[in-house]
Every structure is written in structure tokens, then in C-alpha cells.
Amino acid sequence: MNIKVYVPRDATALSLGAGRVAAAIEREAQRRGLRAQLVRNGSRGLFWLEPLVEVATAEGRHAYGPVTVQDVPSLFDAGFLEGKAHPLHLGPTEEIKELKSQQRLTFARVGIIDPVSVDDYVAHGGYAGLKRALAMSPGEIVDAVTQSGLRGRGGAAFPTGIKWKTVLDQPPQQKYVTCNADEGDSGTFADRMLMEGDPLMLIEGMTIAGIAVGATQGYIYLRAEYPHAHRALNEAIAAARASGYLGSNVLGSGKQFELEVRLGAGAYICGEETSMLESLEGKRGEVRVRPPLPAIKGLFGRPTIVNNVISLASVPVILAKGADFYKDFGTGKSRGTIPLQLAGNIKHGGLIERAFGLTLRELIYDYGVGSASGREIRAVQVGGPLGAYIPASQFDTAIDYEALSAIGALLGHGGVVVFDDTVDMAGMARYAMEFCAKESCGKCTPCRIGSTRGVELMDRVLANVDRERNLQLVEELCDTMLHGSLCGLGGMTPFPVQSALKYFPEDFRKTVQ
Ligand SMILES: Cc1cc2nc3c(=O)[nH]c(=O)nc-3n(C[C@H](O)[C@H](O)[C@H](O)COP(=O)(O)O)c2cc1C
Ligand code: SF4
């Protein structure tokens, strides 16, 4: 019998030795004359258990981890191919507490299937959404996405259906679907995990988007730092094309949709949608003035959908199971699920997909099990480098767009970076200004000049030079950047600075030795 053994090809697992473990398993099986079929799956997102090796048994998949090359002979000795006991045995994978309590819709197949096998994808419910979409009118598809309540997962949380409707309403012409896979926020990896673990779901979502708005060409704008995602996407696109899911006649429907991956140029600002379009056109990543909106005049001046990976990958399940099914998850105006990414000083980092409404405390302590250092957690930064710092006193805030906005924070792309009580918040405020100064595209003055002045002011504050007056200037500068910047980079840099000033004022007034 050919036993299936799963070892992730995900970048996190690979960085922890999954490639070497996979090779060792193959060697050991050969040496013992055993037949094992190695499947290189995505990661389950339980990073503290990587490399997580799974074996398909008659009772379902059993997990072992974290596995090193040295553990491999003893795993064979213990009979891991039959799911038998071993010190690294974690039991049935689906019963692992942190996984069992999740509500995986977008990540339902990640870690389960062979990411580049169309057969495996279809066997696990893939392409059901596209098949339903092909039987619907473009307007009905767009309505379903609107009704689901899906809002953009890239950061701005704009309703996806409304964006699509604007593109659909433009007169017939060359239109485009672009996927923003730049994933520049600190502590985020959901896009990467999805593209490495279930790229066909993104491809299916983009195909549905194209059919919905009458776009025949799609581009995935992928950051160059994601070589494993690049490979997985290209393999999956070729497999989808070979099976008739992409091309000039999608599933014999007479509809056309083609897809290509374009590598980004390595600047944070290239994740901002208009800069991304400039970069896709082969120009320097610089923000465009709006209006016109990309939905009206986007890539090469044509109507263009710009959506994040997770937004697009949420579409197949909405079409397959219906808008109401998706909408039933979540709270208030935050419908569906959100893949949260827990990183920084945390014991159990990884990806947690849950319906909106989970509290920060539940995320950090129930899933994350506290700080990696064992020290008290002082703050979390939610939503990337431009997100606010949230103090421990507000950890009972629900993770949804409105609740976070009510405390002056934002969810962004769902990244949560944890800091313990050794963090210097004045240093973090300075870092926010420095980050903005380095990454500014230079188009508008409040950001280009303001961020550099911000670093200088913070240096004076830290050196206790005319401190109170300089702190006042920092506040005024934040106000100018907030209201005067052309895009979110300059416009949101004040969030980490102001939140640090508000919740951790003592850090700005330390005695200089
Ligand atoms: C400075 C800056 C960086 C951004 N980086 C990203 C990014 O890496 N990925 C992303 O999807 N959206 C990013 N965004 C948001 C995009 O501009 C845009 O709102 C998003 O791609 C739209 O897709 P969505 O509606 O599906 O979220 C960024 C925005 C700003 C202002
Ligand atoms: S805010 Fe900064 S990044 Fe955005 S347009 Fe202005 S200079 Fe460019």
C-alpha cells in the first residue's frame, strides 16, 4: 500500500527544515523498503509545530511535530506510518486544539491538499464556485459578493461587491483583474500561506471576478521576496490552464480569462493600489492622484479591479455556498471570517482564521499562549507598521473593523505583532517616522518632508532636548501628516506615533543617562 506522508512546502516550514525532513523521510522509507508517497502540502499555520509531518491513516490524518532530521529513524521505528505513538505524536491533526477551534473558510484546504493538483483541489470542493458563477449573469455574481458583506482584506476594508459593480458598469472594453499580493505589512503572512498552500483558490476567485465584470486578463502582483509562492502560483496556473479552468474558453463556457504573475519591485509603497498599478505598468512605484478610481481608469487606463489575495480567495466559497452562508459568520458590519496572523514576541505564532468578533485577549492568550519571553505583554501593534499600538488595558476589544476603529486602531491586513514589557515605545514611535521616511514615494510634502522632520524631532525628544516643546511639535506634525498626505503611508504613520504617545507617555520622558 502507498501511504501518504505530508511535509509542507510552505516557506515557514522550509525555513525550519521541512525540506531536509522530507528528504530524510524519503531516504529512510527507501532504506527500509517501505512505500510512502510524499505530498508537499501547505502549512496548517501552527508554526511552533513546524515542520509538522502528517500521515494519512484509516482514521484520518495524524500529526507529528516539530520533526527534525534526527527524529526520522525513530519515527519509522515507532510505526508513524500507521499513526502510532511517538514523543512527537500530536494525535489526529483535526483534533489539535488550536486548529479545531478555528473557522476555516478561506484556509479550509490549506495544509490539506497538494497545492498544485487540480484533481486534489476539485476533490476537496474546489471550482464549485466557478461552476455556479458560470451559470449566473455578471450582475448576479456581483450581487452575491455584495450580499455576502465581504470587505477588502488588504487594509482599507472597502466593500468588494461595490468595487466590482463600478468595473462592471463601465462600457465594454479591455478590463483587468489585478491581485495585490505585495503583502508588505510587518508580521503578516496570510497571503503568502494561501498562495503557497492553496493557490488555485486565488486563481478561481480571480477567474470569477473576471467573468463577473467582463475582464479577460488578470495579473497577480507578487512581492519578489516570495519565491516559493511564485513557484506554486506558476505551477497552479499551468495546471488550471491544462485542465481548461483558464484560457480562451473557460470550462467550455465561451468565456475567456488569462492570468499571469508579475514580480514586485520591493518597495512598501508598491502595495498601495495606484502605486501597484504604476509598477505593473513597468514604471516607478509612485502614488496616483485619485480620482479617477482604478475601477474606472486603472491598469493602462482601463477599468480595473484591485483586490487583495484574501479578498479574492474568499469569493469561491461565497459563490459555492451562497452569500448568506458567508454572511452568517462575523459581527456587525464585519461579515465572514478573518485570517489573523500572530507574530512578534509570542509563544505560539501562526495563522488563526476565525469569524470577526474574537477578542484580542483570546487571540493572544488562548491561541498565542502569551509571550515567547514569558514576560508580561505590554502592547500589540495591529494592522502593520502603520497600525496603532494597543495597550493591555484594551485587549478585550473585539477584532472587527468598527470595534477597532472605535479605539483609534485599525485591522489592516490582520497582522498582530506582540511586544512584552521590555519594549521602548518612544523608540517604536521614532521607528514609525523612520519607516515612513525610508518608504515614502516622495510625491507629497507632508509625508516626504514630514517623516524626516519627525525622526529629527523624536531624536531630540529621546535626547531630552527641549523635550515638551518637541513633543508638542510631534503632535502637530502628526496632525499635518494625517490630514495633508496624499495616501495612507503618510496619512497613517501618525497612528503608531500618537497611540504610543497616548498610552505610554512615560516612555517619552525617561531620564537620559
Ligand atoms: C502604504 C500602503 C501599503 C499597502 N500595502 C498593501 C499590500 O501590501 N497588500 C494589499 O493587499 N493592500 C495594500 N494596501 C491597500 C491597497 O491600497 C488597496 O486598498 C487594496 O489592495 C485593495 O484591495 P482590497 O479591497 O481587496 O483590500 C496598502 C495601502 C497603503 C496606503
Ligand atoms: S503620503 Fe507618502 S507615499 Fe503617499 S503619496 Fe504622499 S509621499 Fe507618496
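Nothing fancy with the numbering, it's 1 onward along the sequence. Just so you know, ligand 1 is whichever comes first in the structure, and atom 1 is the first atom listed for that ligand. Heavy atoms only: backbone and side chains are in, while hydrogens, waters and symmetry mates are out.
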Quick note on ligand 2: atoms under 4.0 Å from a heavy atom of C447 include exactly 1 (S), 2 (Fe), 6 (Fe), 7 (S)
The single option from T178, N234, L259 that satisfies side-chain contact (heavy atoms from CB on, under 4.5 Å) with I220 is L259
Just to be sure I'm reading this right: ignoring hydrogens, which of G491, G271, S440 gets closest to atom 4 (C) of ligand 1? Compare them by their nearest heavy atoms. G271
Contacting atoms of ligand 2, where contact means under 4.0 angstrom from a heavy atom of S485: 1 (S)
Check: G154 N/O within less than 3.5 Å of ligand 1 N/O: yes
Note: ligand 2 atoms sitting under 4.0 Å from heavy atoms of G490 are 1 (S)
Student check: side-chain heavy atoms of L46 and H348 closer than 4.5 Å: no
Using a 4.0 Å cut-off to any heavy atom of S440, which atoms of ligand 2 qualify? 2 (Fe), 7 (S)
Judging by distance only, is a nitrogen or oxygen of S311 under 3.5 angstrom from one on ligand 1? yes
Pairs of nitrogen or oxygen atoms closer than 3.5 Å, one from Y268 and one from ligand 1: do any exist? no
Tell me whether the centres of the aromatic rings in F257 and Y245 are closer together than 6.0 Å. no
Is a side-chain N or O of E183 found less than 3.5 angstrom from the main chain of R223, in a donor-acceptor match? no
May I ask you to list the atoms of ligand 2 that are less than 4.0 angstrom from any heavy atom of L489? 3 (S)
Centres of the F325 and F329 rings: under 6.0 Å? yes
Do the ring centers of F495 and Y389 come within less than 6.0 Å of each other? no
Can H413 be said to touch ligand 1, with heavy atoms closer than 4.0 Å? no
Using distance alone, with no hydrogens and no angle criterion, decide if Q103 and R354 have a side-chain donor and acceptor under 3.5 Å apart. yes
Quick check: F47 with F189 (ring centres under 6.0 Å apart)? yes
Report yes if some N/O of D191 lies less than 3.5 Å from some N/O of ligand 1; otherwise report no. no
Contacting atoms of ligand 1, where contact means under 4.0 angstrom from a heavy atom of D182: 8 (O)
My understanding is that we take every heavy atom of each candidate and find the minimum distance to atom 6 (Fe) of ligand 2. Doing that for C441, G442, C444, which one comes out nearest? C444
Hey, looking at atom 4 (Fe) of ligand 2, which of G484, A267, C487 has the closest heavy atom? C487
